[in-house]
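Everything quoted here is computed from the prediction, not taken from an experiment. Computed from heavy atoms alone, side chains included, the values below leave out hydrogens, waters and symmetry copies. In the text below, chain A, chain B and the rest are named by the order of the sequence lines, each starting its count at 1.
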There are 2 protein chains.
Amino acid sequence: MSAAKTPTLADVADRAGVSPKTASRVLNHEGNVRPDKVARVLAAATELGFTPNEFARLLRTRGSTTTIGVVTADIGDPFWTGVIRGVELAIGDPDRDDVGHPQRFILSASTRERSDREPEIVAAMVDRRVMALLVVPTTTDQSYLGALAERGVPVVCVDRPAAGTDVDAVVADDDGGARRGVELLIAQGHRRIAFVGRPSVYTTAERIAGYRAALRAAGIVVDDRLVHPTITDAASVGPIAERLLSLDDPPTAVFTADVAASIGMLACRRTRSWRPAMVAFSDFDAAPVVEPTVTVVHNDPVELGRRAAELVLDRLAGYTGPPRRVRIDTPIIERESHLA
Amino acid sequence: MSAAKTPTLADVADRAGVSPKTASRVLNHEGNVRPDKVARVLAAATELGFTPNEFARLLRTRGSTTTIGVVTADIGDPFWTGVIRGVELAIGDPDRDDVGHPQRFILSASTRERSDREPEIVAAMVDRRVMALLVVPTTTDQSYLGALAERGVPVVCVDRPAAGTDVDAVVADDDGGARRGVELLIAQGHRRIAFVGRPSVYTTAERIAGYRAALRAAGIVVDDRLVHPTITDAASVGPIAERLLSLDDPPTAVFTADVAASIGMLACRRTRSWRPAMVAFSDFDAAPVVEPTVTVVHNDPVELGRRAAELVLDRLAGYTGPPRRVRIDTPIIERESHLA
DNA sequence: TTGTATGCGTTATCAA
DNA sequence: TTGATAACGCATACAA
């Protein structure tokens with residue numbers, strides 16, 4: 001509205017009766033300025049409401065921003081906002097050694113259904129000179145990220161490793177977590193254990209692998225009719241439960257591979273007479289308060305984001321070693337639902 | 001690592017054998033360039049891997065970014081990430097009339113415990129020339145936002161109105177929602193109804209107001225020993241439940257004012273023999289699947305964020321009217337827990 | 001301690 | 001259709 005042109009450093013200098021350079025010195029606390037001029041410049045800056053133009057500054061200093069780019073998959077899933085929360089926590093952590101760092105920001109965008117936009121979004125973020133990038137890979141090829149890392153932009157993949165290139169990555173122990181979860185059910189004597197979850201390129205595959213490994217180790221043959229990595233939301237668990245129940249030899253236990261599957265399964269327990277034992281991948285708010293309380297494999301998006309941000313901060317702090325892989329533990333939280 | 005200097009427009013122009021301006025024309029699709037030169041420039045840009053320096057461009061064009069700044073309170077609360085999700089959805093909505101808009105981003109930061117940082121963060125975002133600002137007010141005075149709005153930066157407050165200035169705001173119907181929720185309990189014959197929730201400047205006050213209004217309207221005198229806007233997390237509900245139960249005349253129903261209170265209350269129901277009727281403010285994943293299913297006042301952070309972003313987009317599209325207040329409905333979702 | 005001249009990478013102006 | 005030149009706002013090098 002008001003066209004009141006944003007005041008520049010030159011305006012401040014004029015008003016203070018000094019040269020632009022002196023004003024710059026004052027505002028950047030370089031010292032070597034007479035106290036009275038310091039006062040005049042400061043006063044002028046306040047009166048004018050001067051705020052430095054970050055673009056001009058960064059253009060001149062060839063610096064990068066204090067911003068970390070975060071590219072997630074569909075933002076509709078609270079899991080990814082949990083990751084963002086973890087990044088927030090890490091970059092604002094006062095315990096890190098680089099105290100007095102400037103305010104850091106998160107520049108976020110999600111690919112939303114169209115994973116082909118992933119490279120575009122990354123490119124746009126690089127144009128905006130983000131100081132680092134966190135990417136949840138959704139495409140089948142992240143080789144374009146390698147070029148970035150070589151250009152000196154720290155890149156970390158989250159939740160899944162990058163395909164086609166070797167960059168830092170933070171992933172959860174999907175395989176091991178699923179395996180331990182299913183083992184818990186096997187230890188209760190179950191031999192017919194269903195797998196229910198949503199389809200996903202990497203993580204679901206890993207969890208299915210863990211599920212199969214646990215069964216194989218126990219000498220149980222995998223029945224593919226029990227494996228349903230096909231749900232879209234909690235509601236879609238209902239029909240799957242029907243099909244499972246209609247089998248000659250229905251499962252006596254269920255491993256739910258994500259929160260949606262778990263919520264859906266709980267709904268089935270309520271509305272149907274079916275009461276299978278249950279272990280869930282990913283903890284959720286209600287798990288400790290429903291009846292029975294739900295035993296889960298803890299999969300913490302916040303921790304994922306936090307560790308990823310820490311890898312980034314390490315690189316920004318000077319680490320130049322080879323790409324690192326961090327695997328976040330997925331410990332079992334034993335509650336009641338795995339008991340027969 | 002590799003110091004491979006980022007190629008500039010001049011580099012592209014050199015390689016294509018044209019002037020920088022011509023290269024610029026081509027890259028910005030300004031037209032009026034001979035086809036063969038267009039091809040040469042495009043080829044050179046690709047070969048060099050040229051990406052424009054956004055800072056230089058914005059400096060020159062005096063433009064603002066395509067970024068919306070979002071300042072939230074403590075990012076530890078999933079409610080705020082829900083708001084961010086809503087903003088994401090709105091700014092990426094292909095149904096809006098401004099199709100073909102450039103990739104828009106969210107620049108986010110949270111004040112984390114220290115609400116005094118709110119103005120600093122806003123200032124830093126303005127220095128970064130965000131095209132608009134969404135703020136969840138945490139301080140007691142947002143008059144500094146008024147100046148911003150006058151400078152032409154669209155500002156929208158989310159969840160709570162700004163104090164000390166009149167800017168766009170999107171808030172939930174906290175008062176009405178709480179009132180309707182409590183009325184539901186009164187209709188079931190309850191007259192001793194407790195209020196449990198976390199302290200908060202604005203929203204909790206509104207919800208308590210609704211709670212009181214409902215009681216007053218029913219001729220029930222408010223007993224302050226039943227009002228506990230003091231929890232910090234779900235676990236802190238336990239001691240409060242003890243105190244409520246130790247009263248001569250314990251409540252027969254509870255209104256939980258936020259998700260933490262609701263989860264905490266569910267835990268109390270499990271671990272104690274106390275089974276009060278219950279209505280909760282804010283829906284949560286497990287509400288439809290616990291026993292009994294929880295009747296809630298629906299408070300949708302995603303909708304809050306979405307509407308806020310829409311106000312912003314309206315202003316960016318040219319709306320220059322007076323500040324608007326949007327109140328998001330908080331409809332009751334009747335399930336079972338309100339029944340005695 | 002202070003100021004002048006120059007350049008960062010891009011676009012705008014205007015003349016050719 | 002093209003290109004030389006200036007300017008955006010700031011910081012750096014170098015002088016004074």
Side-chain angles (χ1 to χ4, degrees), chain A residues 3-42 44-45 48-66 102 123-124 126-129 151-152, chain B residues 3-42 44-45 48-66 102 123-124 126-130 151:
Chain A
K5 188 180 139 311
T6 320
T8 73
L9 187 61
D11 296 332
V12 174
D14 277 354
R15 190 181 180 102
V18 299
S19 77
K21 177 57 206 172
T22 299
S24 171
R25 269 191 272 262
V26 173
L27 266 14
N28 291 318
H29 309 102
E30 283 181 32
N32 287 352
V33 181
R34 289 209 329 253
D36 61 316
K37 293 201 174 181
V38 172
R40 290 221 307 277
V41 169
L42 257 26
L48 261 33
F50 170 77
T51 61
N53 184 322
E54 282 297 317
F55 297 152
R57 174 202 294 272
L58 290 170
L59 178 58
R60 180 64 237 227
T61 59
R62 303 166 150 284
S64 79
T65 58
T66 59
V126 171
D127 291 348
R128 284 161 180 73
R129 298 296 187 270
R151 268 179 54 180
Chain B
K5 188 180 138 314
T6 320
T8 72
L9 188 62
D11 297 331
V12 174
D14 277 354
R15 190 179 180 104
V18 300
S19 76
K21 179 58 203 173
T22 298
S24 171
R25 270 191 270 260
V26 171
L27 267 14
N28 291 316
H29 310 100
E30 282 181 31
N32 287 351
V33 180
R34 288 208 331 253
D36 61 316
K37 293 201 175 181
V38 172
R40 289 222 307 277
V41 169
L42 256 26
L48 260 33
F50 169 77
T51 61
N53 184 321
E54 283 296 320
F55 298 151
R57 174 203 292 273
L58 290 170
L59 177 59
R60 181 61 241 221
T61 59
R62 302 165 156 285
S64 79
T65 57
T66 59
V126 170
D127 290 348
R128 285 162 180 73
R129 299 296 186 270
V130 293
R151 269 179 54 181

Touch class at under 4.0 angstrom, heavy-atom based, for A:Pro20 against every strand present: nothing
A:Val18 or B:Leu59, whichever maps to the more 5' nucleotide of DNA chain C: A:Val18
Short side-chain N/O contact from A:Arg34 to OP1 or OP2 of C:dT2, under 4.0 Å: yes
Donor + acceptor pair across side chains of A:Arg34, A:Thr22 (<3.5 Å): no
A:Arg62 side chain near D:dT12 phosphate (N/O to OP1/OP2, under 4.0 Å): no
Side-chain donor or acceptor of B:Arg129 paired with backbone N/O of B:Val126 under 3.5 Å: yes
B:Val33 side chain, from C-beta outward: closest of C:dT10, D:dT2, D:dG9: D:dT2
Check: B:Arg60 side chain, D:dG9 base, donor-acceptor under 3.5 Å: no
Position toward the 5' end of DNA chain D (nearest nucleotide), B:Ser19 or B:Thr61: B:Ser19
Residue from A:Val18, A:Val33, A:Val26 passing side-chain contact (heavy atoms from CB on, under 4.5 Å) with A:Arg40: A:Val18
C:dT11 OP1/OP2 closer than 4.0 Å to side-chain N/O of B:Asn28: yes
Distance-only donor-acceptor test (3.5 Å): side chain A:Arg25, base C:dG3: yes
Sugar-phosphate only, base, or nothing, as touched by A:Leu9 at under 4.0 Å among non-hydrogen atoms: sugar-phosphate
Under-4.0 Å side-chain N/O to phosphate OP1/OP2 contact, A:Thr22 with C:dG3: yes
Presence of A:Lys37 side-chain N/O under 4.0 Å of C:dT2 phosphate oxygens OP1/OP2: yes
Side-chain N,O (B:Asn32) to OP1/OP2 (D:dT1) below 4.0 Å: yes
Test item: side-chain donor near acceptor, B:Arg128 and B:Ser64, under 3.5 Å: no
Phosphate OP1/OP2 of D:dC10: any A:Ser24 side-chain N/O under 4.0 Å: no
